[in-house]
> 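One structure coming up, written as structure tokens, with questions to follow.
FYI, the numbering just counts along the sequence from 1.
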Amino acid sequence: MAHWRRAWWPGGTWFFTVNLLERRNNRLLVEQIELLRHSVAKVQQAHPFAIHAWVVLPDHLHCILSLPEGDSDFPLRWRLIKSHFSRALPVNEQRSQTRLRHGERGIWQRHYWEHLIRDEQDYRHHMDYVHINPLKHGHVTRVADWPSPRTSAYASLIEPTALIDSNTLIPQN
């Protein structure tokens, strides 16, 4: 059994990568962007967090989030976001015997990658990573070619609650 080490830092800022279980030829996140947007907003309303950056690609997403002072429960937020999103979809994905036995859907990878942001340089590095990710995965040939958040399902989810960089992939209405 894996022993996951989490960086618990009340009021901290984290970079996350969250993947779909089936990543090959899977466009679920961009096809269901409104559902994902709604799931994030619903959880954010009940369990506040600030969004610094968020990019959604067809099979995974990256974001930088901060939690309120005294709060370090990001696993609760991810569990609720994934659960709300999954429960709203029809059950038509392939599921392993293990997932069936545990009553789990076959949509998300069970775990996600998180990194506690240590300082301003680390923050800038991860903001750059969010920006470059569509290029890295071959969705565009130049970062500037990634569709605008205002016009594309590929882009961001909801209004930033703590926008640092005006060029992030978060819409600014």
> Should His60 and Asn133 be marked as a side chain to side chain donor-acceptor pair (under 3.5 Å) after you check the CA-CA gap, both sets of side-chain angles, and the distance that decides it?
CA-CA 10 Å; His60 71 285; Asn133 211 252; 3.1 Å; yes
> Evaluate side-chain contact (heavy atoms from CB on, under 4.5 Å) for His137 paired with Asp59, printing each intermediate quantity in order.
CA-CA 11 Å; His137 289 282; Asp59 61 355; 5.9 Å; no
> Do you know which two heavy atoms are closest between Gly12 and Leu116, and how far apart they sit?
CA-CD1, 4.4 Å
> With sequence neighbours left out, write down each residue that passes side-chain contact (heavy atoms from CB on, under 4.5 Å) with Asn25, or none if nothing qualifies.
none
> For Pro134 and Leu57, which heavy atoms make the closest approach, and how far apart are they?
CA-CD2, 3.8 Å
> Using every non-hydrogen atom in the two residues, find where Leu65 and Ile51 come nearest and quote the distance to one decimal.
CD2-CG1, 3.7 Å
> What's the separation between atom OG in Ser72 and atom CH2 in Trp14, rounded to the nearest 0.5 Å?
6.0 Å
> Say you draw a straight line from CZ of Phe85 to CG of Leu35; how long is it, rounded to the nearest 0.5 Å?
5.0 Å
> Please confirm whether the ring centroid of His84 lies under 6.0 Å from the ring centroid of His38.
yes
> Would you please test Ile117 and His52 for side-chain contact (heavy atoms from CB on, under 4.5 Å) and show each step?
CA-CA 12 Å; Ile117 301 294; His52 298 268; over 6 Å; no
> Out of curiosity, does Leu20 fall in the hydrophobic cluster containing Trp54 (side-chain heavy atoms, cut-off under 4.5 Å, transitive links)?
yes
> Assess whether atom CZ of Arg23 is packed by more than 12 heavy atoms of other residues, nucleotides or ligands within 6.0 Å.
yes
> Report yes or no: do Trp108 and Leu21 belong to one cluster of Ile/Leu/Val/Met/Phe/Trp/Tyr joined by side chain heavy-atom distances under 4.5 Å?
no
> Any side-chain heavy atom of Leu28 sitting closer than 4.5 Å to one from Leu89?
yes
> Run the side-chain contact (heavy atoms from CB on, under 4.5 Å) test on Leu76 and His47 for me, step by step, so that the C-alpha distance in whole Å, both residues' side-chain angles and the decisive distance to 0.1 Å come before the verdict.
CA-CA 9 Å; Leu76 169 70; His47 304 280; 3.5 Å; yes
> What heavy-atom pair brings Pro68 and Pro48 nearest, and what distance separates the two atoms?
CD-O, 3.3 Å
> Just grab all the salt bridge (Lys or Arg N to Asp or Glu O under 4.0 Å) pairs involving residues 38-50, residues at least two apart or on different chains.
none
> For Leu67 and Phe49, what are the C-alpha separation, side-chain angles and deciding distance, and is it a side-chain contact (heavy atoms from CB on, under 4.5 Å)?
CA-CA 5 Å; Leu67 297 185; Phe49 55 90; 3.7 Å; yes
> Rounded at 0.5 Å granularity, tell me how far CD in Gln121 sits from CZ in Arg124.
6.5 Å
> Asn19 and Thr17: which non-hydrogen atoms are nearest, and at how many Å?
OD1-CG2, 4.0 Å
> Give, for atom OG of Ser96 and atom CZ of Arg101, the distance between the pair rounded to the nearest 0.5 Å.
8.0 Å
> Any chain of hydrophobic side-chain contacts (each under 4.5 Å) joining Leu29 to Ile107?
yes
> What closest approach, in Å, do Leu61 and Val56 show between heavy atoms, and which atom pair accounts for it?
CB-CA, 4.2 Å
> Could you state the interatomic distance from CD (Gln32) to CZ (Arg27), rounded to the nearest 0.5 Å?
12.0 Å
> Only one of Trp113, Trp78, Tyr129 clears ring-ring contact (aromatic ring centres under 6.0 Å, His included) with Phe16; which?
Trp78
> To the nearest 0.5 Å, what is the distance between CD (Glu120) and CG (Asp122)?
10.0 Å
> Using the ring of each side chain (for Trp, its six-membered ring), is His126 parallel, tilted or perpendicular to His115, with breaks at 30° and 60°?
parallel
